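Below is one structure; the comments refer to it alone.
Bear in mind the structure is a predicted one, so any value in this text is a computation, not a measurement. Note that these values count all heavy atoms, side chains included, but never hydrogens, waters or copies made by symmetry.
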Amino acid sequence: MFLQKTIRKKVVVQGIGIHSGDPCNLTFRPAPSDTGVYFIRTDLPGKPSLKVAAKNVLATAHQTTIGGADFSVATIEHCVSALSALRIDNLFIELDGPEIPICDGSAGAFLSALLEVGLVEQDQPRKYCSITEPIYYSDGEKHAYVVPYHGLRLSVTIDFPHALIGKQKIDIDINEESFGRDVAKARTFGFLKDVEALKSRGLARGGSLENCIVLDHHEVVNPEGLRWQDEFVRHKALDALGDLVTLEMPLMGHVVLYKAGHDVMNKLVRKIIESPQSYRHIELGADLSLEARQTGWVAPN
Ligand SMILES: [Zn+2]
């Protein structure tokens, strides 16, 4: 029987907000069984909270924002993407301001913090959303689908009209090891002309070459260059894993994305939720298939 998991104890990630440039602190805290993942604004009266759920997604332009009556939190995907890989079911994420620390623009700092304190099994079984029939969503040339699979697999293709990016593809079984090795440290990226436009509107004041890959017409502006030649598509896989947390349940399926950003991911997750004929809620136990063990994704710690 695979039990739900949370973290052993609280851990803090410090940084600055990408838009304000101000210091901010994020605290991961253990949460009880059957809680899910919540953001809590500790600086606001009454400490309002909001669940990471597709129905709470407010905006999907360039990043994913969740919001409710009390507050919203932008760019949630980097700090929650590790939860999909580590299979953390229950977690409180406290923020002392409106922004999540951007860190180096990847999920590396969040993954390190979670691994540093470690995970603990809880008293309730984990329920997976196991895809039994394909579910498809498209919007023009962007498309996304999920088909049955014995673990969690991502195939992501991007195509940007830039000499350094072009068409890139990643195809990966997601587990703690593969996420840490191939995905977690891939940074977000932007184009110089867009960065300048954001700054002229008073946004991205915290944005710098410390937390974003910046491309001009021909090359990478960052003096240290890229971490991988295909860092761009690896980052898109990171983003997609973050968005999958809004499903509120670990996915067993193969997600295939073509030019799909946060908007398409949100539509896909909503479509999965609205298609109960195409998935089953399952618990995994001693009858776990050999293939599922081999992917490593569902293997016990
Ligand atoms: Zn991102």
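- Ring-centre distance between His254 and His150: not below the 6.0 Å cut-off.
- Linking Ile, Leu, Val, Met, Phe, Trp and Tyr whenever their side-chain heavy atoms come within less than 4.5 Å puts Leu44 and Ile66 in one cluster.
- Of the charged side-chain nitrogens involved, none lies within less than 4.0 Å of a carboxylate oxygen, so that Glu116 and Lys10 do not count as a salt-bridged pair.
- Taking CZ from Phe39 and OG from Ser49, the interatomic distance works out to 11.5 Å, rounded to the nearest 0.5 Å.
- Using the six-membered ring where Trp is involved, His162 and Phe191 have ring planes that are tilted, between 30° and 60° apart.
- Look at Asp104 and Arg227 and you find a salt bridge, because one of the NZ, NE, NH1 or NH2 atoms lies within 4.0 Å of a carboxylate O, short of that distance.
- Using a 4.5 Å heavy-atom cutoff, the side chains of Asp182 and Ile172 are in contact.
- For the pair Lys51/Asn56, a side-chain contact is recorded, criterion being any heavy-atom separation below 4.5 Å from C-beta on.
- A distance of 11.5 Å separates OH in Tyr279 from OG in Ser130, rounded to the nearest 0.5 Å.
- Val147 and Leu268 sit in two unconnected hydrophobic clusters of ILVMFWY residues. Membership requires side-chain heavy atoms under 4.5 Å apart, directly or through other members.
- Salt bridge status for Asp89 with Lys5: absent, with no side-chain N to carboxylate O gap under 4.0 Å.
- Formation of a donor-acceptor pair under 3.5 Å by the Asn211 side chain with backbone atoms of Ile18 is not found in this model.
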Under the side-chain hydrogen bond (donor to acceptor under 3.5 Å, both in side chains) criterion, do Tyr38 and Asn90 qualify, and how do the steps go? CA-CA 8 Å; Tyr38 275 82; Asn90 306 301; over 6 Å; no
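- No donor-acceptor contact under 3.5 angstrom links the side chains of Thr6 and Gln122, judged on distance only.
- Ring geometry, Phe28 versus Phe110: the interplanar angle exceeds 60°, so the pair is classed perpendicular (tilted spans 30 to 60°).
- Side chains of Leu119 and Ile88 form a contact here, defined as non-hydrogen atoms less than 4.5 Å apart.
- Rounding to the nearest 0.5 Å places CD of Gln229 at 7.0 Å from CG of Leu164.
- Hydrophobic clustering, with ILVMFWY side chains joined whenever heavy atoms are under 4.5 angstrom apart, keeps Ile40 apart from Val52.
- Glu121 is not listed as a side-chain neighbour of Gln4, based on a closest heavy-atom distance of 4.5 Å or more.
- Other residues, nucleotides and ligands contribute over 12 non-hydrogen atoms within 6.0 Å of the CD atom of Glu133.
- Between the side chains of Asp96 and Asn25, a donor-acceptor pair is found at a separation under 3.5 Å.
- Leu244 has its side chain within reach of Met265: a pair of non-hydrogen atoms, C-beta onward, lies under 4.5 Å apart.
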Which is it for Ser20 and Glu99 under the side-chain hydrogen bond (donor to acceptor under 3.5 Å, both in side chains) test, yes or no, and what are the steps along the way? CA-CA 8 Å; Ser20 66; Glu99 291 197 84; 2.9 Å; yes
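- Between Gln63 and Glu77 the shortest side-chain heavy-atom distance falls below 4.5 Å.
- Between Glu94 and Arg29 there is a salt bridge, with a side-chain nitrogen of the basic residue lying less than 4.0 Å from a carboxylate oxygen of the acidic one.
- Within a 6.0 Å radius of CZ in Arg280, other residues, nucleotides and ligands contribute 12 heavy atoms or fewer.
- Although no hydrogens or angles enter the test, the distance criterion places a donor-acceptor pair under 3.5 Å between the side chain of Ser208 and the main chain of Glu210.
- Within a 6.0 Å radius of NE2 in His281, other residues, nucleotides and ligands contribute more than 12 heavy atoms.
- Shown here for Leu26 and Cys79, the closest heavy-atom pair between the two residues is CD1-SG, 3.9 Å.
- Residues Gly105 and His235 share a closest heavy-atom pair of O-CE1, 3.4 Å.
- Residue Gly67 comes nearest to Leu58 through the heavy atom pair CA-CD1, 3.4 Å, listed as atom of the first residue, atom of the second, then distance.
- Residues Thr60 and Asn266 have side chains that never bring a donor and an acceptor to within less than 3.5 angstrom of each other.
- Looking at heavy atoms from C-beta onward, Glu219 lies in side-chain contact with Asp216 at the 4.5 angstrom threshold.
- Summarising the local packing, OH of Tyr145 is surrounded by 12 or fewer heavy atoms from other residues, nucleotides or ligands at distances under 6.0 Å.
- One distance of note links OG1 of Thr42 with CG of Leu95; it measures 7.5 Å at 0.5 Å rounding.
- Cluster annotation: Val117 is connected to Val13 through the hydrophobic network of ILVMFWY side chains, with a link wherever side-chain heavy atoms come within less than 4.5 Å.
- Electrostatic pairing of Asp230 and Arg234 counts as a salt bridge here, judged by a charged N lying under 4.0 Å from a carboxylate O.
- Closest approach of Lys55 and Arg270 over heavy atoms only: CA-NH2, 4.1 Å.
- The aromatic rings of Tyr136 and His143 lie tilted to each other, with the angle between the two planes from 30° to 60°.
- Atom OG of residue Ser81 and atom CG of residue Asp239 lie 8.0 Å apart, to the nearest 0.5 angstrom.
- Two different hydrophobic clusters hold Val220 and Val195 under the rule that ILVMFWY side chains link at heavy-atom gaps under 4.5 Å.
- A salt bridge links Glu177 with Arg181: the closest approach of a Lys/Arg side-chain nitrogen to an acidic carboxylate oxygen falls below 4.0 angstrom.
- How far CD of Glu196 is from CZ of Arg201: 14.0 Å, rounded to the nearest 0.5 Å.
- Not a single donor-acceptor pair under 3.5 Å links the side chain of Ser275 to the backbone N or O of Gln277.
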Apply side-chain contact (heavy atoms from CB on, under 4.5 Å) to residues Leu3 and Gln124 and explain how you reach the verdict. CA-CA 6 Å; Leu3 297 170; Gln124 294 298 315; 6.0 Å; no
Evaluate Val214 against Leu209 for side-chain contact (heavy atoms from CB on, under 4.5 Å), listing each step before the verdict. CA-CA 7 Å; Val214 178; Leu209 297 178; 3.6 Å; yes
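- Using a 4.5 Å heavy-atom threshold, the side chains of Leu152 and Leu241 count as touching.
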